[in-house]
Structure formats: structure tokens, C-alpha cells
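Down below is the structure, laid out as C-alpha cells.
These numbers come from a predicted model, not from an experiment.
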Amino acid sequence: MKNLKGLFSKVLVFFMLISIISQITMVKAAAKTLPSGLNYSELPREIEDYVNEHSDTTCGMNVIVYDSDETIYENSFGYVDKEAKLKSELDSVYEWGSISKLFIWVSVMQLYEQDKIDLTKDIKNYLPDDFLKNLSFEKPITMLDLMNHKAGFQDTYFIQTPNASDIKSLEEALQTRQPKQVYEPGEHTAYSNWSAALAAYIVQRISGMDYVDYVHKNIFEPLNMKHSSISPIYADNDWVRSERLKLKCYDTEGEIIDGVGMYYIHLYPAGSAAGTINDLKTFAQAIMPNEKNPSPLFKKQSTLEEIYKATSFYGSTKIPKNYHGFFASEYGVETIGHGGNTFGCSSMLQFDPKSGVGMVVMTNQAHETIYNYEMYELIYGKFTDSKLAQIKREVPKGLILNTRGILKGPLSFMGAMGVSSYSEEDLENWWYEEDGVVETQFSDFITSTPKAITNVLCMLFFIIAGIYGIVKLVVGGFIIDFLKNKKEGLKTKPLRKYSYILCGLMGITLINLAVIFMRLNKGYRTGDIGSVESYIIQSVVFTVLMILMAISIFVGMKKYNEESTKKEKHKFFITSLFAITQCLVILSFEMYKFWGF
């Protein structure tokens with residue numbers, strides 16, 4: 001009986017101790033606050049309420065909030081495959097998109113630590129002779145320019161393929177998709193996947209290792225990231241590949257995205273990483289300054305400290321925009337990290353170096369922002385309390401053009417159409433205007449109303465000319481003339497015949513442009529942009545149509561005085577002006593340069 005009483009007393013004491021420890025832990029948790037001011041203990045309810053509020057459009061979403069000591073909150077919501085009711089779990093695989101670039105910048109800083117690369121030296125010193133074919137300025141490009149996305153390269157399409165067999169070596173991918181340099185290095189921020197991939201190639205050359213092998217040996221293995229892949233075809237991790245095949249992707253409204261559902265990125269270091277959220281959290285903690293647990297990624301912690309010295313600022317302010325490739329984000333406090341978007345997934349990694357609090361989010365929705373941007377306010381506060389928001393800013397007057405885009409070559413009309421303007425509502429967003437340049441995290445916008453209006457008018461007249469040609473050919477040639485000349489069909493006077501030929505050519509030209517627009521728009525939504533060769537063919541079509549229009553105008557002018565009425569001459573003259581307009585637009589936007597892809 002005494003033994004039983006003694007056992008009971010010990011059990012009672014044990015549970016009392018557990019209760020006391022739990023209460024102490026809860027008190028400590030309640031005492032801890034996030035940068036937003038929210039208590040740690042309140043976070044689960046806040047996030048879950050937030051998810052419930054947006055449940056109608058939510059597909060799959062994983063989230064982890066952590067600090068330097070612990071995981072504050074982790075959870076999975078929704079489905080990786082809604083149709084099959086396959087739930088999202090913490091070990092589900094998502095694509096990380098451009099978060100992949102952080103592996104590039106960590107790799108660069110590892111080589112910097114070993115004195116194998118100078119961040120301020122001309123990158124030509126680390127590349128094969130004449131590797132860079134499309135430079136336009138004498139000023140050298142440095143690694144810091146690549147990190148800050150200020151090397152001056154225009155954007156590039158055709159960065160992915162639905163066929164794994166299309167993937168070539170990194171060197172070949174860079175050479176065959178080399179964009180033109182349209183700005184002097186350091187002049188403008190213009191986000192560039194190609195520049196980031198070029199930096200990875202430099203890592204490959206300096207280290208003497210394939211980039212995939214380098215990342216595994218120097219990042220994944222030291223961090224025990226066994227559930228991550230960086231290979232463009234997942235060849236480095238069979239488990240990741242098999243789990244990725246289970247993932248279905250959706251748009252922002254929760255509708256499944258058409259297409260093959262899985263794409264392989266040619267410039268793979270810039271966006272091919274995939275894996276579990278716990279692996280990404282492990283990496284995120286390793287790159288956050290922590291005196292108690294030094295990062296295993298660097299031999300000297302001073303290297304990690306060097307990363308968090310700002311390398312780019314908003315205009316002449318002291319507000320950082322970039323830290324050696326890590327973007328600064330303006331919430332209630334400044335955070336550092338990177339987002340990622342593929343054609344099926346969106347992800348975000350952000351942390352506050354001062355408090356040590358970070359959050360990682362993954363979703364299987366393309367261009368998703370509710371969780372990947374807006375939910376971060378629960379952790380870090382609102383932009384209205386940021387340093388950038390405290391600066392007196394006025395809404396930029398006039399129209400602005402995006403520096404990130406294709407500004408030269410056969411698809412330059414896309415960049416020319418990147419016209420926008422700001423309103424009072426935009427004062428709640430991250431930007432800063434100075435000397436006619438509106439700076440954002442990822443790209444600058446140039447205030448240029450005359451040029452913007454000219455671009456829009458050029459495309460407008462191009463479209464009007466095409467519509468005019470189609471309407472005149474159908475109504476005039478196939479209906480009115482046919483009714484007037486039933487016996488002779490479409491046999492008309494020579495001058496009118498050349499007017500109809502021009503109309504047909506203008507109509508085909510407009511249709512060719514419309515097809516390109518539709519294909520690019522589809523590619524933006526599904527990733528299926530089509531092959532380079534098909535766009536080359538369409539550019540050749542523009543060239544041929546332009547030549548045929550010139551010939552038709554020339555021959556028509558020779559017939560100008562041959563038994564033609566004043567009315568016919570007037571109609572031919574108007575039609576010729578429309579055709580000339582289309583030709584000038586084709587020349588101006590270099591649509592004919594089929595060799596420029």
C-alpha cells in the first residue's frame with residue numbers, strides 16, 4: 001500500500017511539473033511578439049482565419065514561420081491535386097521558382113570568401129573569350145551588376161520547354177538565348193533571369209564543377225536538404241521528381257491551368273529549384289545571421305555579414321533595394337529574401353535580420369499574391385509604416401515605360417506596349433520616383449509620355465490599317481464588286497485590283513500579329529509559349545508581307561494614271577498610306593528581324 005501511495009505521489013509530482021513547464025512556455029510564447037506586434041500565441045488563429053477568408057480561391061498552400069530558435073508555426077492547407085482530393089502536406093513538393101537565385105548568390109559569396117572572385121571586377125575575366133555577343137556599352141559588367149539586376153540586358157522569352165529532351169548544357173542555353181544589352185551597366189534595375197544564370201555559369205567555371213553538383217556539395221549536403229532538387233529535369237533527386245508529378249497547378253481563381261503542367265527551364269539556375277517547405281526553411285535559417293548557430297554555409301561569419309550590406313538603393317535615398325542579390329521588401333519593417341513564380345507555382349522566402357523572424361510560403365497557383373505577399377503583413381506589418389512610405393512621394397505625372405521587357409528585336413513591340421501610369425492608390429505600393437525614373441524592387445519605369453503615346457499610336461494605326469484592309473476587301477471586293485459584276489466576278493480595274501491586294505496583305509499582317517499576341521498571352525497563363533522556330537517563321541512572314549506591300553504600291557503607282565477615275569486614285573492613295581504605316585511599324589519595332597531571336 002505504501003508503494004502504491006509513493007507511486008501515486010511521484011506521478012502527481014510529474015504531472016504538476018509538466019503543467020508548470022507548459023504554463024511557463026505559454027507565458028514565454030505570449031511574451032514574444034512578431035515584428036508586426038502580434039503575439040506568437042495569436043499567430044495560428046490569425047493565419048487560419050486569413051486562410052478561411054480566402055478559401056474560395058485557395059488550392060494548396062504550405063507555410064512555416066520561424067525565428068532563430070524555433071519554429072513558431074507550420075501548417076498545410078488545401079490540395080496539391082484538388083480533383084483527386086490529394087491534400088497538401090509539409091512533405092509535399094512545390095516549385096520554388098526564382099528563390100533558386102539565392103543559391104546562385106550564396107555560391108558566389110562562397111567563392112568570394114575563398115578569394116576566387118572579385119565582385120567589382122569585369123565578369124569577362126571569368127568567361128570564355130567573346131562569350132558576350134550582344135554588348136552595346138564599353139562600361140564593364142561586374143558581378144555586383146548581375147546581383148543587382150543592373151547589367152543592362154533586356155528580358156528574354158523562351159526560357160522553358162515542355163520537353164525534357166530539349167534541355168541543353170547551361171553554357172549552350174546562355175549562348176543561344178543571349179539578350180541584347182539595352183542599358184549601360186548600373187543605369188537601371190531590370191530584372192533578368194539570363195543575368196542570374198550567367199552568374200551561375202561563372203560559379204561553374206571558377207569552381208570547375210557542374211552547377212548542379214556545386215549546389216549539392218556546398219549547400220544541400222551541409223544543410224542535409226535531402227528533399228530538394230536544382231536540376232532542370234530533376235535528375236539529381238528521383239524522390240523530388242516523383243512527388244512533383246503528383247502536383248497539379250492552378251490560376252489565381254483556383255481553376256486548373258491548361259497545358260502539360262510541367263515545364264523544364266533552360267536557364268535552370270534562375271528558377272528550377274523544387275522541394276519541401278522544411279528544406280527551404282532549413283536554407284532560410286542558414287542564411288540568417290545567428291550568433292548562437294553560425295551558418296554552415298560559410299567558413300567566416302563575416303561573409304554572411306557582408307551579404308547584408310546593401311548594394312543598391314532607391315534613388316539617392318539610403319533605403320536599400322538589394323543586398324547582394326537578396327531583395328529588400330518594405331513592410332512595417334524591412335525584410336530580406338526573394339520570391340519565386342513558375343508557370344504553376346508561387347513561393348516566397350522573407351526574413352527580418354534584426355528580430356530573426358522569417359516566413360516561407362509555397363502555393364501551387366501561378367502569380368499568387370494573397371499568401372505570397374499580402375499575408376506577410378501579419379508577420380511584418382504594413383507598408384504604410386515602412387521607411388519608404390514615410391518619404392514624401394508624389395504620384396508621377398504622365399505615362400511610364402517599363403525598363404524590363406524586350407526593347408530590341410522582333411518582339412520589341414511587346415516592350416513598347418508596356419505603358420502604364422500611377423494614381424493615388426499606388427502610394428500604398430513600393431516605389432520611389434526621382435528625376436523621371438520610378439524605381440521598384442525589380443525594375444525601373446521611365447517617365448516618357450511622348451514616347452509612350454508614340455508607341456501606342458503606332459500600334460493603334462497598325463491595327464486600324466489591318467481592320468481597314470479586311471473590311472474593304474470583304475465588303476468592297478467580295479460583296480459590292482461581286483454584286484456589281486456578277487458576270488465578270490472579281491475582275492476589276494488594275495488600280496482597284498492593287499488596292500485589294502494591299503488590303504489582303506494588311507489583313508494578313510494584322511492576323512499574324514494577333515496570333516503572336518494570343519500565343520504570348522497563352523504562354524503567360526500556361527507556360528506554353530511555343531518554339532523559337534515558330535516565331536522565326538512569323539517574323540519571316542512580316543518580312544515577306546512588307547516586301548509584297550512595297551511591290552504592290554510600286555506597281556500600283558505605275559498604273560496610277562491608266563484609265564483610273566479620280567475616286568479610284570483617291571482610294572488607292574488612302575490604302576497605300578495604311579500599308580506604308582504598317583510597313584513603318586514593322587521596321588520601327590524590328591518585327592522583320594527573324595535572325596534576332
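One side chain, Ser329 or Gln350, offers a donor N or O that lies under 3.5 Å from an acceptor on the other. In summary, the side chains of Lys321 and Asn148 do not present any donor paired with an acceptor at a separation below 3.5 Å, with no hydrogens or angles considered. If you check the side chains of Ser107 and Tyr211, you find no donor sitting under 3.5 Å from an acceptor. Side-chain polar atoms of Asn125 and Asp122 form no donor-acceptor pair below 3.5 angstrom. One side chain, Arg519 or Ser534, offers a donor N or O that lies under 3.5 Å from an acceptor on the other. There is no side-chain donor-acceptor pair under 3.5 Å between Ser346 and Asn372.
One N or O on the side chain of His324 and one on the backbone of Ile307 form a donor-acceptor pair closer than 3.5 Å. Checked by atom type and distance alone, the side chain of Glu368 never pairs as donor or acceptor with a backbone atom of Gln365 at under 3.5 Å. A donor-acceptor pair under 3.5 Å is absent between the side-chain atoms of Lys593 and the main chain of Pro410, judged by distance alone. With hydrogens and angles ignored, the 3.5 Å screen pairs a side-chain donor or acceptor of Glu433 with a backbone N or O of Gly436. Of the possible donor and acceptor atoms, one in the side chain of Gln582 sits under 3.5 Å from a partner among the backbone N and O of Phe462. Counting only distance, with no hydrogens or angles, the side chain of Asn364 and the backbone of Tyr79 share a donor-acceptor pair below 3.5 Å. Here the side chain of Gln181 pairs no donor or acceptor atom with the backbone of Gly152 at under 3.5 angstrom. A side-chain donor-acceptor contact under 3.5 Å links Ser100 to the backbone of Gly97. Checking side-chain atoms of Gln154 against main-chain N and O of Lys408 turns up a donor-acceptor pair under 3.5 Å. Formation of a donor-acceptor pair under 3.5 Å by the Glu171 side chain with backbone atoms of Tyr201 is not found in this model.
Counting heavy-atom neighbours within 6.0 Å of Glu83 CD, excluding the residue itself, gives a total above 12. Annotation for Phe137: atom CZ counts as buried by contact number, over 12 foreign heavy atoms lying within 6.0 Å. A 6.0 Å sphere centred on CG of Asp238 holds no more than 12 heavy atoms belonging to other residues, nucleotides or ligands. Within 6.0 Å of NZ in Lys82 there are more than 12 heavy atoms belonging to other residues, nucleotides or ligands. Taking a 6.0 Å sphere around NZ of Lys139, one finds it holds more than 12 heavy atoms contributed by other residues, nucleotides or ligands.
Counting heavy atoms from C-beta on, the side chains of Val437 and His188 come closer than 4.5 Å. A 4.5 Å side-chain heavy-atom check between Phe103 and Ser272 finds every atom pair outside the cut-off. You'll find the side chain of Leu174 reaches within 4.5 Å of the side chain of Trp194, heavy atoms only. Residues Leu119 and Thr142 form no side-chain contact, since every pair of their non-hydrogen atoms from C-beta on lies 4.5 Å or further apart. The shortest distance between side-chain heavy atoms of Leu146 and Ile141 falls below 4.5 Å. Leu502 is listed as a side-chain neighbour of Ser576, based on a closest heavy-atom distance under 4.5 Å. Taking 4.5 Å as the limit, every side-chain heavy atom of Thr575 sits out of range of all side-chain heavy atoms of Tyr498.
Among residues two or more places apart in sequence or in another chain, the ring-ring contact (aromatic ring centres under 6.0 Å, His included) test is passed with Tyr535 by Phe158. Ser347 meets the side-chain hydrogen bond (donor to acceptor under 3.5 Å, both in side chains) test with no other residue; sequence neighbours excluded.
Under the 6.0 Å cut-off for aromatic ring centres, Phe445 and Trp431 do not qualify, their centroids lying 6.0 Å or more apart. The six-membered or imidazole ring of Phe327 lies near that of Phe442, with a centre-to-centre distance under 6.0 Å.
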side-chain contact (heavy atoms from CB on, under 4.5 Å) evaluation trace for Arg205 with Tyr126: CA-CA 7 Å; Arg205 281 183 56 81; Tyr126 308 111; 5.7 Å; no
Step-by-step side-chain contact (heavy atoms from CB on, under 4.5 Å) determination, Lys472 to Phe578: CA-CA 12 Å; Lys472 181 173 180 179; Phe578 276 121; over 6 Å; no
Test log, rule side-chain contact (heavy atoms from CB on, under 4.5 Å), inputs Leu135 and Lys124: CA-CA 11 Å; Leu135 298 182; Lys124 286 182 181 178; 3.6 Å; yes
Criterion side chain to side chain donor-acceptor pair (under 3.5 Å) on Ser443 and Asn402, from CA distance to verdict: CA-CA 7 Å; Ser443 65; Asn402 195 344; 3.1 Å; yes
Pair Thr363-Met61, side-chain contact (heavy atoms from CB on, under 4.5 Å): steps then yes or no: CA-CA 4 Å; Thr363 66; Met61 191 272 286; 3.6 Å; yes
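Of the listed residues (Phe542, Phe517, Phe589), just one forms a ring-ring contact (aromatic ring centres under 6.0 Å, His included) with Phe413, and that residue is Phe517.
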